[in-house]
Amino acid sequence: MLEGGPPGAPATHMTKTVEEKERVVIRFAGDSGDGMQLTGDRFTNATAVLGNDLATLPDFPAEIRAPAGTVHGVSAFQIQFSSRDIMTPGDHPNVLVAMNPAALKAELSTVEKGGTVIVNEDAFVQRNLDKAGFATDPLEDGTLDGFQVFRVPMTSITVRAVEQLGLTRKEAERSKNMFALGLVSWMYGRPMDVTINWLQKKFGDKPQVFDANVAAFKAGYNFGETTELFATSYLVKPAPATPGLYRNISGATALALGLVAAAERSGVGLFYASYPITPASELLHELSRLKNFGVMTLQAEDEIAAAGIALGAAFAGELGVTGTSGPGMDLKAETLGLAVTLELPMVIVDVQRAGPSTGMPTKTEAGDLLLAMYGRHGESPMPIVAAKSPSHCFDTAIEACRIAITYRTPVIVLSDTYLANSSEPWRLPDVDSLPTIDPKFATGPNAGQEFLPYLRDPETFARPWAIPGTPGLRHRIGGLEKEDGTGDISYDAENHERMTHIRAEKIEKIADSIPPLEVDDPDGDAQMLVLGWGSSYGTIRAAARRVREAGHQVATAHLIHLNPFPKNTGEVVRRYPRVLIPEMNMGQLALMIRGRYLVDAKSFTKVQGLPLFIEDLEAEIVKVMDG
Amino acid sequence: MLEGGPPGAPATHMTKTVEEKERVVIRFAGDSGDGMQLTGDRFTNATAVLGNDLATLPDFPAEIRAPAGTVHGVSAFQIQFSSRDIMTPGDHPNVLVAMNPAALKAELSTVEKGGTVIVNEDAFVQRNLDKAGFATDPLEDGTLDGFQVFRVPMTSITVRAVEQLGLTRKEAERSKNMFALGLVSWMYGRPMDVTINWLQKKFGDKPQVFDANVAAFKAGYNFGETTELFATSYLVKPAPATPGLYRNISGATALALGLVAAAERSGVGLFYASYPITPASELLHELSRLKNFGVMTLQAEDEIAAAGIALGAAFAGELGVTGTSGPGMDLKAETLGLAVTLELPMVIVDVQRAGPSTGMPTKTEAGDLLLAMYGRHGESPMPIVAAKSPSHCFDTAIEACRIAITYRTPVIVLSDTYLANSSEPWRLPDVDSLPTIDPKFATGPNAGQEFLPYLRDPETFARPWAIPGTPGLRHRIGGLEKEDGTGDISYDAENHERMTHIRAEKIEKIADSIPPLEVDDPDGDAQMLVLGWGSSYGTIRAAARRVREAGHQVATAHLIHLNPFPKNTGEVVRRYPRVLIPEMNMGQLALMIRGRYLVDAKSFTKVQGLPLFIEDLEAEIVKVMDG
Amino acid sequence: MSDERMEVANGNGSAEAGAPVGTLSKKSFTSDQEVRWCPGCGDYAILATVQSFMPELGILPDDTVFVSGIGCSGRFTYYMDTYGVHGIHGRAPAIATGIATSRPDLSVWVVTGDGDGLSIGGNHLIHALRRNVNLKILLFNNQIYGLTKGQYSPTSEEGKVTKSTPFGSVDHPFNPIALALGAEATFVARTMDNDKQHLTSVLRQAAQHRGTAFVEIYQNCNVFNDGAFDLLREKPQGAHNQIRLEHGKPILFDEDTRCVAVGENGRLVVANVDEVSPDDIVVHDMHGRPSLAFALAHLSHGPNEPTCIGVFREVERPVYGEAMRAQVELATERLGRGDLGALLRSGDTWTVSASV
Amino acid sequence: MSDERMEVANGNGSAEAGAPVGTLSKKSFTSDQEVRWCPGCGDYAILATVQSFMPELGILPDDTVFVSGIGCSGRFTYYMDTYGVHGIHGRAPAIATGIATSRPDLSVWVVTGDGDGLSIGGNHLIHALRRNVNLKILLFNNQIYGLTKGQYSPTSEEGKVTKSTPFGSVDHPFNPIALALGAEATFVARTMDNDKQHLTSVLRQAAQHRGTAFVEIYQNCNVFNDGAFDLLREKPQGAHNQIRLEHGKPILFDEDTRCVAVGENGRLVVANVDEVSPDDIVVHDMHGRPSLAFALAHLSHGPNEPTCIGVFREVERPVYGEAMRAQVELATERLGRGDLGALLRSGDTWTVSASV
Ligand SMILES: Cc1ncc(C[n+]2csc(CCOP(=O)(O)OP(=O)(O)O)c2C)c(N)n1
Ligand SMILES: Cc1ncc(C[n+]2csc(CCOP(=O)(O)OP(=O)(O)O)c2C)c(N)n1
Ligand code: SF4
Ligand code: SF4
Ligand SMILES: [Mg+2]
Ligand SMILES: [Mg+2]
């Protein structure tokens, strides 16, 4: 572990001018085989350790691997880091590192005007130009006019740097991403040791590979340092941050850790049943590694089975969790309806992706909110919580488990591709500070000598969780309507109406246990509210900041609980003459807010498989403000 | 066929006083084995032929057959008939025919105060009283005080009436329902011939059974006529009705006929794939009998398969239809999402039943509206039409097929248990007057020499329906996002947004082809609108009539198209200071109307597995009016 | 605990308290719910036999779970005074898998039907069999959809006229035993609703089996498919047609006048004992590869010709839930019981000190 | 028509126009879509072989439909210049059933994977096989989930270490051939991605079969499960391990040094030719009861010991769609083509005349 603040980069550093920057957005792009995700990860960690605030966005190609060198095969990783707090990976890169023509072709359009483009010159040969679909060489034909271009023969230098290590040329070439990493690390004064330590850990047992990587990395670093090519390097000071121990974390990992934490804090075993699907598979992968935490993971034959298995585990006394994405949510609907009437604790994670149908499996979207609300036949209410940032997935998972266990109900957690894949620094919570959850398993009769499986806690309307093996609490429950209290099958008209209302009220009661909706309204006299949910949090806060910096006033609020809403939600949305709801869908939260509170909330929608851009939202806010 | 108007009942009839009534509600109740449904059907047909307006409501026991003589085993059939138009089977029977103690126990509570109770005295023996859970004999213990009670030894008389026919006592007893039918037919001057003709058709080849039934029927008729017990019979004049040829029809049959009609009028073959489920199975049964209409029916392994098979049939050029109830709708969600992006014509029938989960399979509810709207991941819009009465299921089916074929989209038809099982007189449409539907199959290229499967009709946004076997129109389509026009796989951000909007607009465009929402506001100055959908139509009209007869003014409107709404819907709901939306759910249409039009529509909800009652709604209307 | 239990009336209004192991009786497994099958339904006999058999296992009702799907058969769960889940259509094997894999201490039984288990639930069934989850699956095969009032099922004979097939069904039925064997089942048996003794012995072997036991029970639906199995039970045909399999014994039937013998190419044939050499007579072997069991399953095309009942196959294989647990324990041994704090801190971390 | 077709460029931007039957070529079945599998994937070989085989059938691409599910295998549909539906995960057999039963004039092919067809799609697969719908089902078995980047599948060997099973999988795999036989399949075969000749001959027999043909194709996923079938193909093991089934021929392999013979109780065993009497050597028979095919399927536990490839089973049975149509035609014959007006008027009707 390193102390915070920038560990002085090598002294020689100072021989070149150093320019200070508040924030930088870098995009590493190359062929799927070029290891850009790893390069990005390493740069991210060095940056994190250095104390910058940061946000990342990996952007892989579609599921099937495209032929090397083609535009479909391009894999990119974007990071924004800053000396003040930032909330998104940035709309437009200031720096693009393009390892081949295809990468340049695919990514150039997003680079800011006048931005920096660093290309691996060696890759710009005819074959690659053809594959990328360049008629002429973009390095020559003016394509890059207006950009600050650095042509670096990365491959050849790398090969030269490692040749004495006796690797094949092919192996040698593979280290060129380390060269790029080294170069950019120098440009932004990233500490070398973090990366070298990591390489040590990773390749310690393969000295040759280790040496090659280090050699390439240093070659890149020194190339920046020594050649005339680069006149300036940049300094991005650490961002002020609450003191504490930090790590960089992705939404997928945070969600997995949150589930494990909830299991630990409730003393209930975690049982995760899932069927693989992009982008939810990561959760299965992460949890299946944590068997020594007592985590049981089961890869089911399909999503219906996964839901049924998790529900069975819940009946048996485990924390039953199942995770999937849109198509799998459709399939789980019937089983979730059963879970609603069985009133058992269960958590369903929906890592949303672009739909409808198979849609764009690797792209992000927030199109499943109304599905989560209404995607079951009959009156079948379920609580919904949504994470707002990668690290927040941790808290969201715990909150979902708290609700599920406390109220004996299935709970839906909404994440999305963007949250799952991107990462941010996370101040580690003190384990003992995490909430504890009391499963309150039933141990004996609850009505004199009788045990009534549907007799409720007057506070929470929770019914007893009486697990098999508990002496004398034998009971049978099922999907048919149940008599209030006894749980016996009932076709009685009034009973059905009563039970329908009880199931609805139970969910509403959860609002008693959740914090009010917080409004960020610095001067307290904004006339407009931007209300969000899910991964648009960062964009909304950043856009609002810009709007405020431009001298306007705007309030923001972000819903974590989508069902039930915090109790003050109606009051909050009615407080502002103008309400704007930005969503990565066609206006799903907007419908819920309008229908429930009758406020004329306007929708700002983006359905492109991409996160919202700050500049677009900023513009929209100003428009709605004046309009 | 008979000419309208009451065929004079036997002359002797006049020896007793005849009292004229405007409307009567009779409920036949007995053991599952007693043939009450058949009795009700026969009485209904005689009544229909006689020219009364009528509405019926069968009420079977839950799916599993309960032991004979128990309250769970009671099967009932209710009919309201009238000399003016009526819209529901009535809230409270004026007459209850109880074939055994269990029937009396189960049904007495619904009979109007002072109503008539006709019991089969022979059945009130200790064994049956015990089975029904009567401590003492209700015929003696004052249970029936305040009712007009007729104790008729139906079994013994029946047995005597048929004994000379050489049937076993058991067989003889089976005819007692015919005795009851005869008796009640006499009471209300129903023609004998209709029933006797029917028996002729049914048992013509089994003379003994035929004779026994006729003998029992006549015995009942004459019993009323000759004994002192019944002083009065009643006359219910025919209801004024549009001239034409009529039949009595249930919603299930009407829906089946509508699908067949749509196939005939479009020239597209009907392919119905379904997995049995109460109350949708009837549709499968009805259609599977119509093979000589070229109807293909397939019982699939599950609902997912049924949907997939119907979708495959649609791709192949058939009118692909699948039907189910709530649990099956959950399961079909993913396949419907695929149908949405494939943009193929397909019809999905949801005969709603009481949920959530397995719920109360034989009871009615309207809880699947929001599921139909939003029950698929991503942005996956689908048109929805809902039938308002049994016979209207016919028109609804045709309208659904028209939309599906014209706009190349899956369409959801919402019916419910009540609509499916109950019946009403239906004025037969002239076949040639039915709308024709042009499938407009693609026959050649649509873009110069090219065929673009997603090139659209500018009017309807419909894409070409190019079926396999068509020369030169080969194309591949799937669930991945498609490039506008070509239908090629596309991960392009703008394209995805464009396609998402196109899919939404296409559904909105359907509004161009549907009639405006009609408002029934006799005096044109009502200050309150009652807006309904589905099977609550009759109750709403009847309640509104009562409110008006009480001197108030209220407007009503009924939505057939739930997505998109008729274009004037917003204007209509905004026109009235007060809007009340009665639903057999927790307020699903209310949410859609409030969210879309921001009007403070109030919900009146009933979730009891039963249709709305006129009196309850009447009271609610008055309350909201004054409130 | 048992005395505590004695005082406690249990769920769903069931009146009777659990009895200690020693004193378990049929009554201990009988709930107070009124049984609501049609009079004469084969399900009654199965229920009575199961209830009388359970005490023999010496497992408390409190430690027993019945899981069922939807169908007449599905109601079974309500009549057993154990823990129970009446799930949704076809999904009982999945729900039960969740229970059995997370709780090896429980005795978990699945009750399903030919529609519930083989039509909508087919996928879960074959995967449960493949995995060898510790479940005892009782499939009530009445060759019809009872609860939905009489549509044909995946086991109905070809040409079956039902509500949904007025012109006769056109699908070829499954042979549940063959399907289970094709799905790698480790225990496969067939028995009859009303043969209390045979049903009991099959239940006993199923209960002893470690892993998934698949038991097909021919069950009469006297309302919608009456007499479907009469040729296997009524005298005299029953005697002629029932081939009772017993491990290690030559396969003889019809008062030992007929047998199952090995024909050319290793095919099995039904023959008259006096027409084949004794060593061509097949000796039943439940173990080893499933080929013999499969051949026996295919001797007849349906319950109207010589048909095998009894245990077709029984082999040892790791039990799914146990293997999962073993991994958890192994991992815990190797890496030590996970420490949440350490887990959170894993990967690169850095400290921001107040000084900054 | 064909000349009209000549002028027409077809769907999804595919450039080439349909050729008349006579002139069909591989090109006629090759769409213009860029093939996007990983370099070295076994799917390329299968695609090439299928495309070169199709013309032989003399069926126009216009009359051919490919239906696939989701998976790398699922992309197959886009590369065939025929009509095609890339469905959703596991549902291809259902979608294809709708196409094939409503359009007997079409040649309908299903392409699926071991996850698509045996995991999520297992139920539709076994029911399609049972019904004998007129489908040719090609199951690309690479014993892994490719598209989702390497989780184990229902055909992965026990103990498989994958992303979702870092400690090794604990499930026992399906034997797809055995499962298909257990599901009453009428045509069951196995072949290999890179054996063009064998693959072609199996495709030929599958195409000729009336009803559902199930073809398992061992396919190499060189990215996530490389070399899974090497022991069946690479020299010298391939020669030792491949048992090529040919109807009517004694089952010999390993340069005829080894054979499949009948052991006691009719069990099949692998033996050295010189150690068994010639008439104990099994002669392959695709027809009759499925027991022999099943026994052959269970000779090996996986592609790393002597394993059969070729057609295991081929029997005649009514084709589902045809039987359905026949009912429609029969009904129409018997009752006459239905008249809508008469249908509406059926049952009791009455006339209300203006007079009232
Ligand atoms: C998802 C779903 N689809 C359909 C049904 C309707 N349904 C209930 S039971 C059943 C079949 C019952 O047949 P079987 O499993 O053989 O049980 P049996 O009644 O014959 O004992 C069906 C189709 C349902 N309840 N849920
Ligand atoms: C309903 C649903 N669940 C899960 C997925 C994710 N998914 C796509 S393909 C696949 C498995 C592919 O494996 P296989 O069928 O063997 O095909 P392969 O890629 O190996 O050719 C999965 C789990 C999905 N697309 N839809
Ligand atoms: S319908 Fe058949 S299976 Fe169901 S309870 Fe009645 S007799 Fe038994
Ligand atoms: S992942 Fe495997 S199966 Fe999929 S394309 Fe790549 S090599 Fe082929
Ligand atoms: Mg059954
Ligand atoms: Mg695979």
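Convention: sequence-line order gives letters A, B, ...; per-chain numbering from 1. Computed over heavy atoms, backbone and side chain alike; hydrogens, waters and symmetry mates excluded.
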Whatever's closer than 4.5 Å to a heavy atom in chain B on A/Arg596 counts as backbone
Sequence neighbours excluded, the answer for side-chain hydrogen bond (donor to acceptor under 3.5 Å, both in side chains) partners of B/Tyr418 is none
Turns out that what part of A/Glu365 lies under 4.5 Å from chain B's heavy atoms comes down to side chain
Under 4.5 Å to a heavy atom of chain B? For A/Gln352 that would be neither
Ranked by heavy-atom pairs below 4.5 Å to chain A, first place among B/Ala601, B/Ala366, B/Gly595, B/Gly328 goes to B/Gly595
Residues passing the salt bridge (charged side-chain N to carboxylate O under 4.0 Å, His left out) test with A/Lys363, sequence neighbours excluded, are A/Asp59
Nearest heavy-atom approach of B/Phe565 to B/Met592 is CZ-CE, 3.6 Å
Cut-off 4.5 Å, heavy atoms of chain B, and the answer for A/Leu610 is side chain
Counting heavy-atom pairs under 4.5 Å with chain B, the top scorer among A/Asn585, A/Thr605, A/Asp492 is A/Asn585
Under 4.5 Å to a heavy atom of chain A? For B/Leu342 that would be neither
Audit row: B/Thr417, B/Thr362, side-chain contact (heavy atoms from CB on, under 4.5 Å) steps and yes/no: CA-CA 7 Å; B/Thr417 307; B/Thr362 54; 5.8 Å; no
From the list A/Gly326, A/Ser325, A/Gly375, the residue making the most non-hydrogen contacts under 4.5 Å with chain B is A/Gly326
Of the listed A/Gly609, A/Gly478, A/Pro356, the one with the largest count of heavy-atom pairs under 4.5 Å with chain B is A/Pro356
Would the distance check show the side chain of A/Ser380 and the main-chain N or O of A/His377 forming a donor-acceptor pair, the cut-off being under 3.5 Å? no
Interface check, chain B: of A/Lys482, A/Arg498, A/Gln588, most non-hydrogen pairs under 4.5 Å belong to A/Gln588
query = Between B/Glu481 and A/Arg353, is there a side-chain N and carboxylate O pair less than 4.0 Å apart?
reply = no
Let's go through B/Tyr374 and A/Leu591 carefully: what are the C-alpha distance in whole Å and the side-chain angles of both, what is the deciding distance for side-chain contact (heavy atoms from CB on, under 4.5 Å) to 0.1 Å, and is it a yes or a no? CA-CA 12 Å; B/Tyr374 303 116; A/Leu591 176 91; 3.4 Å; yes
Under 4.5 Å to a heavy atom of chain B? For A/Met329 that would be neither
When the 4.5 angstrom heavy-atom criterion is applied to A/Leu336 and chain B, the contacting part is neither
Residue from A/Pro327, A/Ala333, A/Ala590 scoring the most non-hydrogen pairs under 4.5 Å with chain B is A/Pro327
One option among B/Gly337, B/Gly355, B/Gly359 has the most heavy-atom pairs under 4.5 Å with chain A, and it is B/Gly359
Heavy-atom nearest pair, B/Ile412 first then B/Arg376, reads CD1-NH1, 4.1 Å
Original post:
Does a donor on one side chain sit under 3.5 Å from an acceptor on the other, for A/Thr322 and A/Lys332?
Top reply: yes
With chain A, the option among B/Ser357, B/Gly378, B/Ala504, B/Pro381 that has the most non-hydrogen atom pairs under 4.5 Å is B/Ser357
Chain B shares the most heavy-atom pairs under 4.5 Å, among A/Val340, A/Leu598, A/Asp368, with A/Leu598
When the 4.5 angstrom heavy-atom criterion is applied to A/Ala372 and chain B, the contacting part is neither
| query | Would you call B/Asp600-B/Arg594 a salt bridge at under 4.0 Å N-O? | reply | yes
Bottom line for B/Ala339: the part with an atom under 4.5 Å from chain A's heavy atoms is neither
**Message:** side-chain contact (heavy atoms from CB on, under 4.5 Å) for A/Thr341 and B/Thr358? Distances and angles first, verdict last.
**Reply:** CA-CA 9 Å; A/Thr341 73; B/Thr358 312; over 6 Å; no
